Amino acid sequence: MPESAAGTPLHIITLVKWVPDAQLERRFTAERRIDRSEGILGELDEYPLEAALQIKEAASRDVRVSALTIGPAGAATAAKKALQIGADDAFHLSDDALTGADVVATSAALAAAIEHVLADGDAEGEHLVITGMASEDGESGAVPPQLAERLGLNLVTQATAVALEEDRLVVTRASATEQQRLAAALPAVVSVTDQANEPRYPNFKAIMAAKKKPMTSWSLADVGLDASAVASKATVLTAEARPPRTAGEIITDEGDAGVKIVEFLAKERVL
Amino acid sequence: MSVALVFFESLDARLSSAQQELLTLAATLGEVHVVTGTPGDRAVDAVAVEGVQTVYTGDAEILTPDPALVDLLETAVQETAASAILAPDTPDSTDALARLAVRLDTGIITDAVGIDSERRVTKSVLAGSYTTTAEVAEDRALVATVKPNSVEAAVVAGQAPEVVALPVGPSLAEGAAASGGVEVLQRTPLEVSERPALTEARVVVAGGRGVDGNFGPLEELADELGAAIGASRAATDAGWIDHAAQVGQTGVTVSPQLYISAGISGAIQQRAGMQTAQTIVAINKDEDAPVFEIADFGVVGDLFEVVPQMVEELRRRKG
């Protein structure tokens, strides 16, 4: 197997998401959905892209890196950014029926889209799906395991290091109690943390080159799904802005601030 | 009566505080059963707790990240007809429950901070800036992970529950990667600290760029307060402390009773991980540090003078 794998093309699909900028104020709409009128490529999605590009650059075989995103029209921006960073091509699934999709609906749509990306070309090659540790807005981390479950692929989550060694992936990750080194055969779904690498920035040449890279837009029907296949199972009943924390007492140390903090803690009964 | 099934990846001789909290929460939802990868003879003493009826295990030990844990969960759900399946909010439990939700064709809600008797789930979202409630349809099971420090633990020692070994065994075999699967090459236990776990601690003392490589004074303060040590990304990236200590958007999220922030500017990345703390105390040299906008008590000053004085004062008060 190792010898034959060296010549087998590898197709890596990285999932990217267009999310509201966490540096700015994020809010819910009156429909109890996250306001997606503006966004950026999620920072946590730069790590899977970088992991894919490093695998491609280190490999002695043909590696194609595709970026896949789901989201409203604006999400194409995230896909374009992925092309600038170095993905070879991009796919954008957009459909009104996906508005407010929960984890289960998102993974159902992504699973179908991944199958269509894979059908687009090298059916004979090997496949790898790389995602971030979580989306920056949903923060659940539950989509990668659901993709592995739906697609019947091996799963390795929360990777802090990923390398392709001939025909298998070698991954380092942390569980709640231990550090684990794992080997996984392809095809697989791997989620990577922000410890996995140092993402690159696109340079001018890459930005210009990205304009010529293909981007495919799909609706749900294009990937063989109807709206009922992506119905959310969890319903958001209420979404309340947390009352903003207000600044309390701020003092400048005049040699007794340590004592004053302890007095404050005693008064607040948190000692 | 409805059934709440609680999943623990593994059980030690004693329940952690997060595990106790989860059993307490589960008891408000129905009859409690536990399912775990740890063999029954080792699991049973830990869950000899009033209200826990049964502990379901595999026919041998199943360790993370073995997907056999999902088979075990699925079988236990069939056995118990559970209407709520809960687990602590850890990466491997999230993976297992997420896969289970696909098999049960139901929703998953992660990072819950509360679940009421109608199975409505409360969680904190968008880095603590919103609180949402959500539910799954009445005829579907609720699958949820729960954050530590969400409920007050109230478990009472009780009779040993019945142990039921289900016909599910481990699937991660040596050499599996060569035949299409996943295998574990090496397991290294994470360093166990004498201090409480960061996500579970009632008090967190956290340091950032301002500690300049020296966490010594903060550790002394943490010792006095029985606190866990946290850090900003600047401090973990600098290598001054292990990455596991990172509090923030890409690290852990904490909701302690008291969060003491020393030498951390409090950029949004950091705030995302700690702004649901009950009380925040901040010490920073820079009076314009954003952390002062959210601190209940702030000191503009040198942490290397303020923190040792706190330690001294705490010791004096203890007499």
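Quick note: numbers below take in every heavy atom, side chains included, and nothing from hydrogens, waters or symmetry partners. Keep in mind the model is a prediction, meaning the values are calculated, not measured. Every chain is numbered from 1, with letters handed out A, B, ... down the list of sequences.
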Please identify, among [options], the residue contributing the most non-hydrogen atom pairs under 4.5 Å to chain A.
options: B/Glu191, B/Gln249, B/Gln278; answer: B/Gln249
options: B/Pro308, B/Ser129, B/Gly226; answer: B/Ser129
options: B/Arg99, B/Met310, B/Arg202; answer: B/Arg99
options: B/Val299, B/Ile268, B/Val136, B/Val311; answer: B/Val299
options: B/Asp95, B/Ile108, B/Thr276, B/Val184; answer: B/Asp95
options: B/Thr132, B/Leu185, B/Asp89, B/Ile280; answer: B/Leu185

**Q.** Which atoms of A/Ser175 approach chain B - backbone, side chain, both or neither, heavy atom under 4.5 Å
**A.** both
Side-chain touch [X]/[Y], heavy atoms, less than 4.5 angstrom:
X: A/Arg245; Y: B/Asp296; value: yes
X: A/Glu263; Y: B/Arg317; value: yes
X: B/Glu135; Y: A/Leu237; value: yes
X: B/Leu126; Y: A/Ile34; value: yes
X: A/Thr157; Y: B/Thr94; value: no
X: B/Thr250; Y: A/Thr193; value: no
X: A/Val262; Y: B/Gln309; value: no
X: A/Lys260; Y: B/Phe297; value: yes

Side chain, backbone, both or neither: which part of [X] has a non-hydrogen atom closer than 4.5 Å to chain A?
X: B/Thr90; result: side chain
X: B/Val281; result: side chain
X: B/Thr188; result: both
X: B/Glu287; result: neither
X: B/Arg120; result: side chain

Q: Please check if the side chain of A/Glu240 supplies one atom and the backbone of B/Thr131 the other of a donor-acceptor pair under 3.5 Å.
A: no
**Q.** Any donor-acceptor pair under 3.5 Å from B/Glu183 side chain to A/Ala183 backbone
**A.** no
Q: Enter the distance from A/Asp102:CG to B/Ile109:CD1 here, rounded to the nearest 0.5 Å.
A: 8.5 Å
Q | Check against salt bridge (Lys or Arg N to Asp or Glu O under 4.0 Å), A/Glu139 and B/Lys147 | A | CA-CA 13 Å; A/Glu139 296 175 292; B/Lys147 289 190 88 68; over 6 Å; no
(Q) Can you confirm whether more than 12 heavy atoms, excluding those of A/Arg181, are under 6.0 Å from its CZ atom? (A) no
(Q) Looking at A/Glu38, I'd like to know if its CD atom is crowded, meaning that more than 12 non-hydrogen atoms belonging to other residues, nucleotides or ligands lie closer than 6.0 Å. (A) no
(Q) As a test of understanding, state which of A/Asp253, A/Ile251, A/Thr252 forms a side chain to side chain contact (heavy atoms under 4.5 Å, CB included) with B/Val300. (A)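 Filter result, single survivor: A/Thr252.
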Q. Just checking, any donor-acceptor pair under 3.5 angstrom between side chains of B/Thr64 and A/Gln180?
A. yes
Q | Derivation of the side-chain contact (heavy atoms from CB on, under 4.5 Å) call for B/His243 and A/Asp194 | A | CA-CA 11 Å; B/His243 171 69; A/Asp194 62 329; 4.3 Å; yes
Q) Pick from A/Pro187, A/Ala176, A/Pro243: which one has the most heavy-atom pairs with chain B under 4.5 Å? A)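 Looking at each of A/Pro187, A/Ala176, A/Pro243 in turn, A/Ala176 comes out on top.
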